[in-house]
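What's counted below: heavy atoms across the whole structure, side chains too, no hydrogens, waters or symmetry copies. First the proteins, then the strands, lettered A, B, ... as listed; each starts at 1.
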There are 2 protein chains.
Amino acid sequence: METIPYSGDMGGWGGPVRWEASADGVCERPVSRAATIKDVARRAEVGVATVSRVLSGSGPVSPATRERVLRAVRELEYRPSALGRSLKTQRTGSIGLVVGEITDPFCAELAAGVLACARTLGEHVLLDAAHDDPAREAEIVDRLVEQRVDGIIAIPTGHGDRWRAAMRAGVAVVFADRAPAELPEIPSVLADDAAGVRSAVEYLAGLGHRRIGFLGTTAPGAAPGTDAGVREATFRTALAERGLAPEEDLVVRARPSRDSAFAAAAGLLQRRPDLTAVLAATHLLGEAAVLVARELDLRIPADVSIVMVDDVPWAELCDPPLTAVARPGRDMGYRACEVLLRDPARRERGRPVVLPTELVIRGSCGPRTGMPGGAARSARTR
Amino acid sequence: METIPYSGDMGGWGGPVRWEASADGVCERPVSRAATIKDVARRAEVGVATVSRVLSGSGPVSPATRERVLRAVRELEYRPSALGRSLKTQRTGSIGLVVGEITDPFCAELAAGVLACARTLGEHVLLDAAHDDPAREAEIVDRLVEQRVDGIIAIPTGHGDRWRAAMRAGVAVVFADRAPAELPEIPSVLADDAAGVRSAVEYLAGLGHRRIGFLGTTAPGAAPGTDAGVREATFRTALAERGLAPEEDLVVRARPSRDSAFAAAAGLLQRRPDLTAVLAATHLLGEAAVLVARELDLRIPADVSIVMVDDVPWAELCDPPLTAVARPGRDMGYRACEVLLRDPARRERGRPVVLPTELVIRGSCGPRTGMPGGAARSARTR
DNA sequence: CCGCTGTATGGAATCGTTTCCATCCTGGTG
DNA sequence: CACCAGGATGGAAACGATTCCATACAGCGG
């Protein structure tokens, strides 16, 4: 390999073009690597410091020099390498985003919010999905730390150790949607799930429903901070406040998979044909409830009313359209990114940011049918 | 700022701990920056080269030394910086992924496929959304080039210049889902949309439908390579093959927004109450068709049959469940990533990878109703 | 006893930036 | 005319890894 001199007007290099024998050893073709700041400096006949000054607009540069540099930049199609800069400045300009599963509509909304905010702040987003697997989450966080991201936004699933290690490594962390109680020192952006569930229960109770089923997520020893814990706990509290003793039998939990959700919904609706309403704690569970109701020939809302937490696009397409507790996924993502990047003050004192939810009333809930319908329904049920 | 000597067993440094006056100037607290390979070397009393050898397993190292190094690594919680490594090796280990909108279910599926493949190959994924805006896309590509990503996977929207510039900068590019005809040199992974549309048309024709509406996307001068062009063109061809002259009036195009899709669907169904089936070219258009049909009190499939391209989760939840042409979004993402990272041969010869589609038959299509129903329906319509 | 092979190791160059600092020069002021 | 402020500029030192190369030493055959 040999460098060839540039024969242009400046007498300097024409750029970083080199000649190199191709693999077959027969034809030779020019191979160009990306131009560096040195190439630009050489071509513009200035020092690298001057090029840097022109490009970053930091120091004083004479107009003539600036023009020469910019021309060289254009001619060489020079793009400064973020690697060199990051190494020197100790900031990469990118943040990590760890969600459960990007195809989940809520995660996707949240990601969209993060992307929107990151874009306005000029940051890149490194995305990965942990699939609710703490080990995978830990590995992802490890790799993000290696990448020296400026910060991490996560819907956390695992235990605290890895997150604490990340913070010790100097990476800022903000949780979204969930906040493990064992990590109170890490700031978080949450939805007001309690208010959402409460409004749903009150709405159903207001329609006259007395026996309301709850489809929740498995988190038996769930800390109070967890969404699973909050929703179920609030469900019980809200019922109690209304003077409705919650029957243990009406609360069913499922793992976060379609199959498990379906099984849970089927179990609940078959076991308790006397219930007149169901509150699903996630959109997966809502989906399962709808499908099971359809399978059992239960009319919505005539036979059973359904509300679910998470307003996903299909809620409107359902027949009837589904009443849902809308949680501001996009806003949460945006806010989390803001807290991470431009609100270190809030990062210090650890109170979570809580965004409001909204009960979106559509057509899936009706007044409790005059005739409880236990007989009629048990006839239909298998 | 002052370094303090480590007083441990080795007599070396205890790590990169420094003392620094805090902002208020009152309390002094230890501030630790991330350990570097030098800190490890010092602590293990070896050279940096040896540390590197231990960690990358490249050269010969005596067991005793290896143990000392590993201990130092543990004690300092050392994580090699990807920046330093990337700068030296000229590979960042990350790829860019440019989609239209991450909340779009198809984009999300594709992204999931890319993530899955990237994970198996140890690559990171930098995600951004171009929102169908060529200018935004161009800016994103520019920034990805600055980041020196190893490659880019994109659902392209803009013109060729920027992509060619990226390739000139040495970044490999693979297109997914769409392949601008003006860039035949860039490899691509596509769905067999033609076969999908054809099977849908044949299915509808087989059910007896003669007047089939088409809801497509705007791309008037769309190059044949574009999905918009392919779907519409195939629709016409397939009709013609069946001896059904396509009426211009039955083909409507919309921009890729909910409003535009809704307007298009409403226009079509109101203007042509005589049509008995609709083929929607995207899931947004399918959604619009369903909502409009519901609004016009058209029963599906009794009054109008609906098929759409793209099988999204809500298709199954619709009532009736929607017949759809499933396109393997996840597989396309996975494959695109494979082509990008481990199939340079395929990258050379530019034939696109085409993955099969599948017509998923559900309940939204029925035989053409005996009575065309023009009278009855026009009565219902407004 | 000499030279050779091969393992174990450390020093130093390199990757592409930013930025500190020294130098040079110009024009204004005493 | 000497001096100085300050604008323009270039050299060189980081930043944190990898990797080439030189060195040191042990074992061994001739």
Euclidean distance, atom CG of residue Leu87(A) to atom C1' of dT18(C) [Å, nearest integer] = 10 Å
Interatomic distance, CZ@Arg164(B) vs CG@Leu183(B), rounded to 0.5 Å, equals 5.0 Å
Whether each nucleotide of nucleotides 5-14 of chain D has a protein heavy atom under 4.0 Å at its base (B), only at its sugar-phosphate (S) or at neither (-) is summarised, 5' to 3', as ---SBBBB-B
Side chains of Trp163(A) and Glu137(A), donor plus acceptor under 3.5 Å = yes
Nearest-Å distance for atom pair CZ/P, residues Arg42(B) and dT9(C) | 19 Å
Of the options Val353(A), Val173(A), Val174(A), Leu340(A), which is the one that meets Pro187(A) in a side chain to side chain contact (heavy atoms under 4.5 Å, CB included)?
-> Val174(A)
How is Ile37(A) classified with respect to the nucleic acid when contacts are heavy atoms under 4.0 Å: base, sugar-phosphate, or nothing?
-> base
Is Ser52(A) touching bases, backbone alone, or none of the nucleic acid, heavy atoms closer than 4.0 Å?
-> base
Separation of dT14(C) C1' from Leu83(B) CG (nearest whole Å) | 16 Å
Value in whole Å for how far the C1' atom of dG16(D) lies from CD of Glu146(A) = 13 Å
Go through the structure and list residues passing side chain to side chain contact (heavy atoms under 4.5 Å, CB included) with Glu146(B), not counting sequence neighbours.
-> Arg79(A), Pro80(A), Arg85(A)
Nearest-Å distance for atom pair CD/P, residues Gln90(A) and dA17(D) | 10 Å
Applying side-chain hydrogen bond (donor to acceptor under 3.5 Å, both in side chains), name anything that partners Thr120(A), two or more places apart in sequence or on another chain.
-> none
The bend of the helix from dC1(C)-dG30(D) to dG30(C)-dC1(D), taken between the axes of its five terminal pairs at each end and rounded to 10°, is 70°
How many Å lie between CZ on Arg85(A) and P on dT18(C), as a whole number?
-> 5 Å
What's the CG-P distance between Leu55(B) and dG16(D), to the nearest Å?
-> 16 Å
Quick one: side-chain hydrogen bond (donor to acceptor under 3.5 Å, both in side chains) partners of Arg143(A), sequence neighbours excluded?
-> His124(B)
From Ile95(B) atom CD1 to Ile153(B) atom CD1, the distance as rounded to the nearest 0.5 Å = 4.0 Å
Please identify each residue that fulfils side-chain hydrogen bond (donor to acceptor under 3.5 Å, both in side chains) with Arg91(A), with sequence neighbours left out.
-> Glu123(A), Asp150(A)
Can you tell me how far C1' of dT17(C) sits from NZ of Lys38(A), to the nearest Å?
-> 10 Å
If you look at every heavy atom in Ser86(B) and Leu83(A), which pair is closest and at what distance?
-> CB-CD2, 2.9 Å
